[in-house]
Amino acid sequence: MAIGKNIKKLRLLRNYTQKYIAQALGTSHANYGKMENGVIKISQQRVEKIATILQVTLVEITGMEHDVLVENEDIKPTKLNREGATKESC
């Protein structure tokens with residue numbers, strides 16, 4: 001399942017609006033809606049902030065361990081190395 005769909009599901013379980021999450025992220029309602037719908041990629045930093053807002057773990061949002069970043073179903077998972085650069089994993 002895409003991260004955006006997981007975020008939407010968790011947001012609805014908490015009865016939060018898109019507007020509320022968008023304001024907490026410092027972005028527009030329209031931009032946040034695009035994140036949930038998979039129109040735009042969500043950075044790992046932003047996923048972490050959303051997790052904090054929703055009071056959930058990264059595993060609950062991504063379905064993967066916290067050191068794996070998945071931005072889109074069409075993109076392979078990547079891991080950060082010690083220097084902060086990404087490397088393809090699989």
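Using a 4.5 Å heavy-atom cutoff, the side chains of R11 and I21 are in contact. At least one side-chain heavy atom of I50 sits less than 4.5 Å from a side-chain heavy atom of Y32.
Atom CG of residue N37 and atom CD of residue Q18 lie 7.0 Å apart, to the nearest 0.5 angstrom. Atom CD1 in I40 sits 4.5 Å away from atom CE in M35 (nearest 0.5 Å). Rounding to the nearest 0.5 Å places NZ of K9 at 11.0 Å from CZ of R14. Atoms CZ and NZ, from R46 and K41 in turn, are 15.0 Å apart once rounded to the nearest 0.5 Å.
Hydrophobic clustering (ILVMFWY, side-chain heavy atoms < 4.5 Å, transitive): L12 and V56 are in distinct clusters.
Closest heavy-atom contact between L54 and I7: CD1-O, 4.1 Å. The two residues I61 and L10 have their closest heavy-atom pair at CG1-CD1, 3.7 Å. When all heavy atoms of A22 and S28 are compared, the pair lying nearest together is CB-O, 3.6 Å.
Partners of T27 under the side-chain hydrogen bond (donor to acceptor under 3.5 Å, both in side chains) rule, at least two apart in sequence or in another chain, are N31. Judged as a side chain to side chain contact (heavy atoms under 4.5 Å, CB included), and not counting sequence neighbours, the contacts of Y20 are Y16, T17, I53.
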Tell me, with the steps shown, if E60 and N6 meet side-chain contact (heavy atoms from CB on, under 4.5 Å). CA-CA 8 Å; E60 289 175 277; N6 286 342; over 6 Å; no

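Classification of K5 and E36 as a salt-bridged pair fails, no side-chain N sitting under 4.0 Å from a carboxylate O.
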